[in-house]
Amino acid sequence: MEYGTERVVALVDMDCFYVQVEQRINPELKNKPCVVAQYKTWKGGGIIAVSYEARAHGVTKNMWADDAKKLCPDLQVARVRESHGKADLTPYREASVEVIEVMSRFAVIERASIDEAYMDLTASVKQRLRNMEDQQIEPHLLTATFIQGYPQATTSQEETEHAALDKDALRSQGLGQWLASLPPTTQTDSAELQLAVGAIIVEEMRAAVEQCTGFQCSAGISHNKVLSKLVCGLNKPNRQTVLPLSSVTQLFSSLPISKIRNLGGKLGASITETLEVENIGELTKFTQGHLAQHFGLKHGQWLYDLCRGVDFEPVKPRHLPKSIGCSKNFQGKTSLATKEQVQHWLQQLALELEERLIKDREMNGRVAKLLTVGVKQAGETTPSSFSRCCALARYEANKISTDSFAIIKSLNSAGNHQQAWSPPLTLLHLSASKFSDAPTASSGGIGTFFSSEVISSQKLSSFSPSAGLARQPTPKRPGMIESFFQNASKKRKEDHVELSEEGENELKDSGEEEKSCSESNASTSSSLQGGISSFFQKKQVPTSATTTADGSSVVTGQAVDSSQSHEHVITQSDKKTYVHTSDSLCGVPEHSSLPEAALSFSTEDYLTCDRCGQAVLAWEMPEHTDYHFAQDLQNSFSSPLPSPSSSNQIPANRSKTHAGPRSKTSPASCSRTLSSGPLRPQAKKPKTVGTVVTLDSFFKKS
DNA sequence: ACGGTTATAACT
DNA sequence: TAGTTATAA
């Protein structure tokens with residue numbers, strides 16, 4: 001087998017996905033020049049997706065809807081829903097899940113973005129080839145397939161003939177020519193034969209996606225991710241393209257380096273510049289050593305293979321995002337210049353994040369442990385000029401937003417007691433990551449609480465994994481996910497009916513479509529090893545045997561998360577519950593944010609700080625006052641000052657102060673990093689870290 | 001002031 | 001590790 005042809009890899013990309021989602025919601029928009037835009041007030045909103053009819057008029061992404069209307073007066077403009085004062089992409093994410101689910105019946109897939117997925121078809125292809133005996137591969141199985149580099153004209157007369165053909169005739173001619181050049185299907189190790197079979201599978205998959213979701217897509221089929229991504233775009237929309245390795249030389253001889261995935265930015269530009277080459281194929285002139293010299297060992301190796309059409313990046317079996325986040329820009333005049341504004345928008349973002357995290361927990365059985373807050377300050381050019389993180393212990397908007405505020409407030413050069421915020425913020429970003437498995441229903445009383453209370457309170461009645469979980473002594477996650485998918489199909493069916501009623505000419509189609517969809521599922525999935533459940537089986541974890549405190553002693557929803565995050569819940573005497581969490585130690589004095597305490601302490605325990613207006617536990621007021629003292633002291637240091645010898649003076653045993661609770665907290669917890677501060681070179685540390693360490697040290701009873 | 005909102009991976 | 005930067009859709 002030739003080097004670099006070991007796998008069959010495909011990339012499937014939805015055609016103008018957001019537009020298709022809007023067209024399915026509102027069938028009036030179908031087959032019309034149409035865009036999706038977000039926000040309205042400024043020039044009709046910014047366009048984020050464009051139908052092919054609209055592209056024909058010159059409408060593009062990033063155009064203002066008002067400008068696009070000038071190019072195309074009949075343009076239909078669908079608007080992104082807004083909630084919490086910001087664009088809400090939920091309908092597109094949900095549509096993406098539908099698509100991913102259908103594709104997962106055919107192969108293990110890697111979700112590359114909301115509208116793209118890679119798949120490694122090698123195993124399926126080999127299986128299919130074995131079952132083919134010596135059947136020919138017939139062109140009618142590849143009616144939407146282009147073969148890159150075909151038809152090949154060997155004479156000038158053929159060239160003239162080809163020029164006269166329309167696009168599909170040319171496609172058909174090229175396909176026929178290529179198929180005729182393949183060995184018999186008994187030769188199962190032929191790289192090009194394997195691509196042909198891969199293309200058949202992708203034809204079937206794309207048909208299933210359209211039948212089951214109504215969405216069309218395009219695909220590239222080749223031996224690796226870079227090549228399949230590259231050719232996916234060559235025959236859009238609603239078509240797929242095969243790239244045999246033998247066609248790479250010609251294709252690469254005139255392909256600008258910037259067209260290759262990962263070379264569209266600075267690296268690509270520096271290659272063009274330093275080597276004085278335009279096209280990716282020209283890189284074959286250089287030795288691997290030469291390439292490594294200029295661009296590093298890793299890039300050197302990668303480029304050396306890549307310019308020959310070879311890439312070994314694996315398709316990663318993953319269809320869930322690794323982080324869930326939201327952000328909003330506040331540009332120019334709208335930049336956030338008061339503390340209140342910052343708090344308000346953090347709250348809005350936290351509300352969206354909370355909703356999405358809770359849904360994610362229900363649907364995917366996992367919980368995020370890390371919260372990252374990013375901001376951009378006026379005048380900054382980088383996408384996010386600053387980011388800090390802390391533990392994420394509970395899915396609660398109030399806590400998320402107050403913690404977020406706590407870890408960015410040191411940025412406010414106006415000082416914490418001022419109303420103003422400066423420099424003004426032009427971007428706020430919240431993101432949750434570091435997922436781990438959520439406890440299952442079998443983990444005792446808490447689990448019961450989890451499934452009955454949390455789910456019902458979140459209005460997720462259409463997705464009810466709890467039903468299946470409750471009666472199973474050993475609940476299985478696949479059951480949970482499959483039940484979600486069943487529900488998703490059900491939902492789709494309803495959508496379909498709805499669409500059919502609204503669209504005049506579709507009434508009789510819908511029933512048939514559903515039927516053929518399920519038929520297609522049955523026939524295909526049976527021929528595939530494992531299917532989706534086997535994929536999920538791998539991710540299944542043994543349920544933990546730990547039995548936590550029984551639900552009755554737990555008063556608030558917090559107990560659920562406490563058990564997950566290994567926090568210590570210390571119940572004691574007086575009707576009060578003291579809860580020690582790691583996240584309250586997240587780079588800020590413990591008493592600076594106390595949402596969990598607010599659930600446990602009674603209001604009489606609080607005093608109002610006359611410096612900041614914050615509610616502070618009475619017995620912590622002395623330390624709180626010290627905190628303001630420290631803050632003032634810090635503010636008196638002009639700025640990037642690497643807090644005077646602070647690190648060195650922090651006792652090495654500083655982290656031991658909280659050795660008990662902390663040692664059990666998530667490794668992601670900030671406290672770890674802070675205590676490692678002294679080990680790191682001083683000068684490189686950003687000022688804020690120094691600040692936090694300095695302030696923190698005020699509270700250590702050494 | 002006007003490309004906004006997400007997301008992943010590499011680097012340090 | 002945490003935080004920044006690059007890249008992409």
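Here is the naming used below: chain letters follow the sequence lines, and residue numbers restart at 1 for every chain.
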Would you indicate which nucleotide in C:dA6, B:dT8, C:dA9 comes nearest to any side-chain atom of A:K229? C:dA9
If only side-chain N and O atoms of A:S385 are considered, is one of them under 4.0 Å from the OP1 or OP2 phosphate oxygen of C:dT4? no
Might you point out which heavy atoms bring A:L306 and A:F252 nearest each other, and give the distance in Å? O-CE2, 3.2 Å
What's the NE2-C1' distance between A:H319 and B:dT8, to the nearest Å? 17 Å
Quick one: A:I408 CD1 to C:dG3 C1', roughly how many Å, whole number? 16 Å
What does A:G46 touch in the nucleic acid at a heavy-atom separation under 4.0 angstrom: a base, only the sugar-phosphate, or nothing? nothing
A side-chain contact here means heavy atoms from C-beta on lying under 4.5 Å apart; do A:V102 and A:F215 qualify? no
Run the ring-ring contact (aromatic ring centres under 6.0 Å, His included) test against A:Y52 and tell me which residues pass, sequence neighbours left out. none
Taking only residues two or more places apart in sequence or in another chain, which ones pass ring-ring contact (aromatic ring centres under 6.0 Å, His included) with A:F405? A:W421
In whole Å, measure the gap between the C1' atoms of B:dA9 and C:dT1 for me. 16 Å
Please state how far atom CG in A:L370 lies from atom P in B:dT8, giving the value in whole angstrom units. 13 Å
Nearest whole Å is fine: how far is B:dT8 P from A:R261 CZ? 14 Å
Distance check needed: B:dT8 P versus A:Y118 OH, whole Å only. 14 Å
Hey, is the main chain of A:N279 close enough, under 3.5 Å, to the side chain of A:E282 for a donor-acceptor pair? yes
Below 4.5 Å, heavy atoms only, C-beta onward: do A:S436 and A:V367 meet side chain to side chain? yes
Just how far, in rounded Å, is C1' of C:dA9 from CZ of A:F17? 12 Å
In residues 291-303 of chain A, which residues come under 4.0 Å of DNA chain C by heavy atom? none
If you look at every heavy atom in A:I48 and A:V80, which pair is closest and at what distance? CD1-CG2, 3.8 Å
Give the ring-plane orientation class for A:Y92 versus A:Y18, where under 30° counts as parallel, over 60° as perpendicular and anything between as tilted. parallel
May I ask you to say what A:D13 touches in the nucleic acid, namely base, sugar-phosphate or nothing, with a heavy-atom cut-off under 4.0 Å? nothing
With B for base contact, S for sugar-phosphate-only contact and - for none (protein heavy atoms under 4.0 Å), nucleotides 1-6 of chain B reads BBBSSB
According to the ring pair (Phe, Tyr, Trp, His ring centres under 6.0 Å) rule, which pairs have a member within residues 349-383 of chain A, sequence neighbours left out? none
Testing the 3.5 Å rule here: is there a donor-acceptor pair between the side chains of A:E53 and A:S51? yes
So, do A:E22 and A:C34 sit near enough that their side-chain heavy atoms are less than 4.5 Å apart? no
In whole Å, measure the gap between the P atoms of B:dC2 and C:dA8 for me. 24 Å
Option from A:K86, A:K328, A:H84 for which side-chain hydrogen bond (donor to acceptor under 3.5 Å, both in side chains) with A:E352 holds: A:K86
Given Watson-Crick or G-U pairs with both distances under 3.5 Å, what dot-bracket string fits DNA chain B, with | for other-strand pairs and [ ] for crossing? ....||||||||
Nucleotide C:dA8, atom C1' - distance to CD of A:E116 in whole Å: 8 Å
Name the nucleic acid region contacted by A:L263, choosing base, sugar-phosphate or nothing; use a 4.0 angstrom heavy-atom cut-off, strictly under. sugar-phosphate
Taking the same atom, C1', in C:dA9 and in B:dA1, what whole-Å distance lies between them? 24 Å
Using a cut-off of strictly less than 4.0 Å, decide whether A:R388 has a side-chain nitrogen or oxygen near OP1 or OP2 of C:dA2. no
Side-chain heavy atoms of A:F295 within contact of A:L275, under 4.5 Å: yes
Figure out the CG/P separation between A:L320 and B:dA7, and round it to whole Å. 12 Å
State whether A:R318 places a side-chain N or O below 4.0 Å from either non-bridging phosphate oxygen (OP1 or OP2) of B:dT8. yes
Remember a base hit wins even if backbone is also touched, and classify A:I324 as base, sugar-phosphate or nothing at under 4.0 Å, heavy atoms. sugar-phosphate
